[in-house]
*Asks:* 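Mind having a look at this structure? Questions to follow.
Just so it is clear, the values below take in all heavy atoms, side chains as well, and ignore hydrogens, waters and symmetry mates. Residue numbering restarts at 1 for every chain, and letters A, B, ... go by the order of the sequence lines.
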There are 2 protein chains.
Amino acid sequence: MDQALPLYLGIQRELEARIRSGEWRPGHRVPGEHELLGHYGCSRMTVNRALSNLAAAGLIVRRRRSGSFVAPPRAEETVLAINDLKAEVEARGQAYRPDIRMRRERPATATDALRLGVAPGTPILALTLLHLADGEPHALEERLINLRVVPAAREVSFRDLPPGSWLLQHVPWTEAEHSIRAVRADARIAGLLRRRPGLACLVIDRRTLRAGAAIACARLTYPGDRHSFSSRLGPP
Amino acid sequence: MDQALPLYLGIQRELEARIRSGEWRPGHRVPGEHELLGHYGCSRMTVNRALSNLAAAGLIVRRRRSGSFVAPPRAEETVLAINDLKAEVEARGQAYRPDIRMRRERPATATDALRLGVAPGTPILALTLLHLADGEPHALEERLINLRVVPAAREVSFRDLPPGSWLLQHVPWTEAEHSIRAVRADARIAGLLRRRPGLACLVIDRRTLRAGAAIACARLTYPGDRHSFSSRLGPP
DNA sequence: TGTGCCATTATGTCTAGACATAATCAACCA
DNA sequence: TGGTTGATTATGTCTAGACATAATGGCACA
């Protein structure tokens, strides 16, 4: 009963099941290509593809002359999908509106330079804006854009499309750095978010680069009483 | 000057560069297999591999009869590598010691059942422990283990190997759920972490499952003044 | 007793074909 | 005009070979 499942995928899943179930523990020797092609009666390219995919997924380690072995368990990883904020709010069924509180074009100060990772004096665009969901502050964004890399940002109002979404659509990035931490809202942050000072907030710092050059950075501050990030990992 | 770079990888990188640089925008038609094999003078399997890899990486979308196209930009994703805490502390060059503050075997209460996702009454092991780095509280862990799935946990002291590391090594998981948020430390949490109440803390809830059955869940509370999670995404 | 070299082995890459499948377009017939 | 059919096209999978490469172990030679 061939249910149109490609042969290489069938082999791949069968091996994967044995590893995930714990039947084959880390370090266990996986049958080699010759054993598998004998078992399944297919060509070497086909079992090679199955094994290569498992190796690419980090489930096995392949070594010449020795064979393939179940890889040690990988460190647990959380994948946080951070959509742009417009999509994030609209996904919750709320009306989105950005509220630009500050917009300034200037040479990078020492602080800017440190945050963005450019030389002081580099022309930048600094923005502070509130992301409103049904009129209520959803998050505060403090953004710096490197105008040397993205001069076109000078001409954009960001009144409809927030800078995160705009950049995502106009400037491809190759690397991104993130850091997530918890802080207490100081008076300024609390005022902007219309909360009491001292509220615990989730702060995400993101810096995107292309070919080593900093494109932009953003600090997103979410009121902790309103927000959490969730994710689910594993085979769908 | 062939620097031993496999042909398929060379093609793959060349195409990838054009996409990442923005030269080919989303929706742009990527040269098909026949065009590429004419250009590179290699067989179809080789260019197919390059294109398949790009499709697997989400950079292009392949459609029969139509061709291959640059994929729309993916939503930004943050990958948080959450190592087990012992490794996390030792990576910082500090001495790690777990301090078990509570350990109780009991049928799941209504609260437990909700957190872990099992039926009330299911036998569980509840643990509260402090992860100490050089004697200072690094994080608080409140863990529930489903003894129906992992009965062996009954016999483990967790005094050397904390439960997170033990489970990682002994029970393979297939799915994991995470949620990250910021909260203010209440009196109990603050006392355990030896901080002032009201401190902003990062709270990570993690639930691991195998084949739909809950294995364990953990709530990790990090004092916000000591900790942040970082990650870097992109080609190595 | 080393030490360098060679044969063995398993994986890594690649070729030149093959048939299958899905989507699309155009021609055809009602 | 509208729906059906068939040809075309690009991708998807697969085969049976090939040579390359890295690691290992043993053998021979000094």
*Asks:* As a quick check of understanding, evaluate ring-ring contact (aromatic ring centres under 6.0 Å, His included) for B/H131 and B/Y96, giving each step before the final call.
*Replies:* CA-CA 7 Å; B/H131 298 272; B/Y96 173 79; 5.7 Å; yes
*Asks:* Looking at B/R44 and C/dT15, is any side-chain donor or acceptor paired with a base atom of the opposite kind under 3.5 Å?
*Replies:* no
*Asks:* Between A/D134 (side chain) and A/A95 (backbone), is there a donor-acceptor pair under 3.5 Å?
*Replies:*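 Yes; judged by distance alone, with no hydrogens or angles, the pair exists.
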*Asks:* Closer than 4.0 Å, any side-chain N/O of A/R49 to the OP1 or OP2 of D/dT13?
*Replies:* yes
*Asks:* For B/H34 and D/dG12, give me the distance from atom NE2 to atom P, rounded to whole Å.
*Replies:* 12 Å
*Asks:* Tell whether B/R64 reaches the base of C/dT21 with its side chain through a donor-acceptor pair below 3.5 angstrom.
*Replies:* yes
*Asks:* Which residue is it: B/L80, B/L220, B/V203? I am looking for the one with a side chain to side chain contact (heavy atoms under 4.5 Å, CB included) to B/I180.
*Replies:*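 The single option meeting the side chain to side chain contact (heavy atoms under 4.5 Å, CB included) with B/I180 is B/L80.
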*Asks:* Separation of B/F69 atom CZ from C/dT24 atom C1', in whole Å?
*Replies:*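 From B/F69 CZ to C/dT24 C1': 12 Å.
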*Asks:* In whole Å, I'd like the distance from the CG atom of A/L37 to the P atom of D/dG17.
*Replies:* 12 Å
*Asks:* Measure from CG on A/L54 to P on C/dA10 and round the result to the nearest Å.
*Replies:* 19 Å
*Asks:* Give a yes/no answer on whether the side chain of A/T46 brings an N or O atom under 4.0 Å of OP1 or OP2 in D/dT15.
*Replies:* yes
*Asks:* Please compare B/S66 and A/N48 by the position of their nearest nucleotide in DNA chain C and report the one closer to 5'.
*Replies:*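 Here A/N48 is the residue nearer the 5' end.
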*Asks:* Calculate the interatomic distance between B/L51 atom CG and D/dT13 atom C1'; express it in whole Å.
*Replies:*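 That distance rounds to 15 Å.
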*Asks:* If I take atom CG in residue A/L5 and atom C1' in nucleotide D/dG12, what distance separates them, rounded to the nearest angstrom?
*Replies:* 13 Å
*Asks:* So which nucleotide from C/dT9, D/dC14, D/dT15 ends up closest to the side chain of B/M45?
*Replies:*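 The answer is D/dC14, which lies nearest to the side chain.
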*Asks:* What is the distance from CZ of A/R65 to P of C/dC6, rounded to the nearest Å?
*Replies:* 17 Å
*Asks:* Judged by each residue's nearest nucleotide on DNA chain D, which is more toward the 5′ side, A/Y8 or A/R63?
*Replies:*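 Its nearest nucleotide lies further toward 5', so the answer is A/Y8.
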*Asks:* B/E33 vs B/R62, test: salt bridge (charged side-chain N to carboxylate O under 4.0 Å, His left out). Steps then yes/no.
*Replies:* CA-CA 11 Å; B/E33 300 187 347; B/R62 312 196 73 193; 2.8 Å; yes
*Asks:* Has A/S68 got a side-chain N or O lying under 4.0 Å from the OP1 or OP2 atom of C/dT11?
*Replies:*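 Answer is yes, contact under 4.0 Å.
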*Asks:* Counting only side-chain N and O atoms of B/R62, is one of them less than 4.0 Å from OP1 or OP2 of D/dT11?
*Replies:* yes
*Asks:* Is it the case that A/E35 and A/Y40 place a side-chain donor and acceptor less than 3.5 Å from each other?
*Replies:* no
*Asks:* Distance check: side-chain N/O of B/S43 vs OP1/OP2 of C/dG17, anything under 4.0 Å?
*Replies:* no
*Asks:* Which whole-number value in Å describes the distance from A/E35 CD to C/dA10 P?
*Replies:*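 Distance check: A/E35 CD to C/dA10 P gives 8 Å.
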